[in-house]
Number of protein chains: 2
Amino acid sequence: MSGIDPTGPVAPYRQLAEILAGRIKSGQYKPGQRIPTESELVEEFELARSTVRRAVSVLRETGLVRTVPQRGTYVSGQS
Amino acid sequence: MSGIDPTGPVAPYRQLAEILAGRIKSGQYKPGQRIPTESELVEEFELARSTVRRAVSVLRETGLVRTVPQRGTYVSGQS
DNA sequence: CTGTATTTGTTCGTATGTATT
DNA sequence: AAATACATACGAACAAATACA
C-alpha cells in the first residue's frame, strides 16, 4: 500500500520521505535513475505538491537524490 | 545586527515590523522595490513564517507596502 | 524556428493543530 | 480564555528551462 496516514503522529512529508528512501534502498529506484515527477507523486500519494516537494527536499538534504531543474530528481550514486 | 529579542516586552512581529519600517524610511528599501521574500526574512531573523507574515501585514495596514499575490511585497510610493 | 507540454523553482494565500504564556 | 509562536498541509499562480513535434 505504502500509503500515507494523515492522522498519524508522523507528518505526511516525513512519511513520504521514508517511503521514497525505502524504494531507493531496496533498489526499486536505482542509482542514476530518475524518480517519479512531483506531479506523479502527487497523484500516487494524494498529497499537495508542496508536501511532495518537502519530502523530496529531505532526500536531497540527506544526499539520497540530486534534483536537476527542469529535468527531474535522480537517485544519487551515478551520473 | 537588527536582531529580534524574543524575551522582550515587545512581540517579535512588532519588532520586525519596526525594523522593516526603518529600512523603508531610511531608503534601504526604496519605493517600488520588492522587499525580501517571507522566506528570506524567516532566515534573516530566525522567525517563523507566520510571524514574518504578521509583521508584513502591519506594514500593509499602515500603507507602507503593497503585497501582490504570487509576486511579492513592494514598498509603496510608486508603481 | 515556433509553439506547446513538461518539470522544477518561487511566492503568496489560507487553514488547522499544538504548545506556551 | 486570549495572545503569541511554530509546524504542518493544501491551494494557486506564475517563471524559467528543457524537450519535442
Side-chain angles (χ1 to χ4, degrees), chain A residues 2-21 23-24 29-30 32-76 79, chain B residues 2-21 23-24 29-30 32-76 79:
Chain A
S2 58
I4 303 290
D5 173 19
T7 71
V10 180
Y13 83 90
R14 290 184 213 241
Q15 294 182 49
L16 177 54
E18 271 307 300
I19 291 170
L20 296 179
R23 288 183 177 179
I24 291 171
Y29 299 153
K30 297 180 175 56
Q33 277 191 342
R34 209 197 62 180
I35 70 174
T37 66
E38 293 176 354
S39 295
E40 287 169 339
L41 293 174
V42 164
E43 288 192 15
E44 177 176 359
F45 295 96
E46 298 182 286
L47 294 172
R49 187 187 164 202
S50 53
T51 305
V52 167
R53 282 183 60 76
R54 193 165 186 182
V56 172
S57 78
V58 170
L59 302 184
R60 205 157 37 225
E61 285 163 12
T62 60
L64 226 44
V65 300
R66 289 174 304 108
T67 294
V68 183
Q70 283 72 59
R71 302 301 304 281
T73 294
Y74 300 80
V75 179
S76 299
S79 46
Chain B
S2 59
I4 303 290
D5 174 19
T7 71
V10 181
Y13 82 91
R14 288 182 212 249
Q15 294 182 49
L16 178 54
E18 270 309 299
I19 291 169
L20 295 179
R23 289 183 177 179
I24 290 171
Y29 298 154
K30 297 180 176 57
Q33 277 191 342
R34 210 197 63 185
I35 69 173
T37 66
E38 292 179 353
S39 296
E40 288 170 337
L41 293 174
V42 163
E43 288 192 13
E44 177 176 357
F45 294 96
E46 298 182 316
L47 293 172
R49 188 182 167 201
S50 54
T51 305
V52 168
R53 283 181 60 72
R54 192 157 189 184
V56 173
S57 78
V58 171
L59 303 185
R60 201 156 41 224
E61 285 162 14
T62 60
L64 226 45
V65 300
R66 290 174 303 110
T67 295
V68 183
Q70 279 76 55
R71 300 305 303 280
T73 294
Y74 299 80
V75 178
S76 299
S79 46

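Below, read A as the first sequence line, B as the second, and so on, with proteins coming before strands; counting in each chain starts at 1. Because only heavy atoms are used, hydrogens play no part in the values below, and waters and symmetry mates are left out as well, while side chains stay in.
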Between CD of Glu46(B) and P of dC6(D) the distance, given in whole Å, is 11 Å
Rounded distance (Å) that lies between atom P of dT11(C) and atom CD of Glu43(B): 11 Å
Does Arg71(A) make a side-chain N or O approach to OP1 or OP2 of dA17(D) shorter than 4.0 Å? no
Answer with base, sugar-phosphate or nothing: what part of the nucleic acid does Ser39(B) contact at a heavy-atom distance below 4.0 Å? nothing
When both distances are under 3.5 Å in a Watson-Crick or G-U wobble arrangement, the nucleotide paired with dG3(C) is dC20(D)
Whole-Å gap separating C1' (dA7(D)) and OH (Tyr13(A)): 8 Å
When you measure from the side chain of Glu38(A) to the backbone of Arg53(A), do you find a donor-acceptor pair of N or O atoms at a distance under 3.5 Å? no
Look at the side-chain N and O atoms of Arg14(B) and state whether any lies under 4.0 Å from the OP1 or OP2 oxygen of dT4(D). yes
I need the CZ-C1' distance between Arg53(A) and dT11(C), as an integer number of Å. 11 Å
N/O (side chain, Thr37(A)) to phosphate O (OP1/OP2, dT6(C)) under 4.0 Å: no
Is any N or O donor-acceptor pair between the side chain of Gln70(A) and the base of dT8(C) shorter than 3.5 Å? yes
Rounding to 0.5 Å, atoms CZ (Arg54(B)) and OG1 (Thr51(B)) come to a distance of 8.5 Å
Spacing between Ile35(B) atom CD1 and dT11(C) atom P, to the nearest angstrom: 12 Å
Contact under 4.0 Å: Arg49(A) side-chain N or O vs dA12(D) OP1/OP2: no
Could you state the atom-to-atom distance from CG of Leu41(B) to P of dC6(D) in whole Å? 14 Å
How many whole angstroms separate atom CG of Leu59(A) from atom C1' of dT8(C)? 15 Å
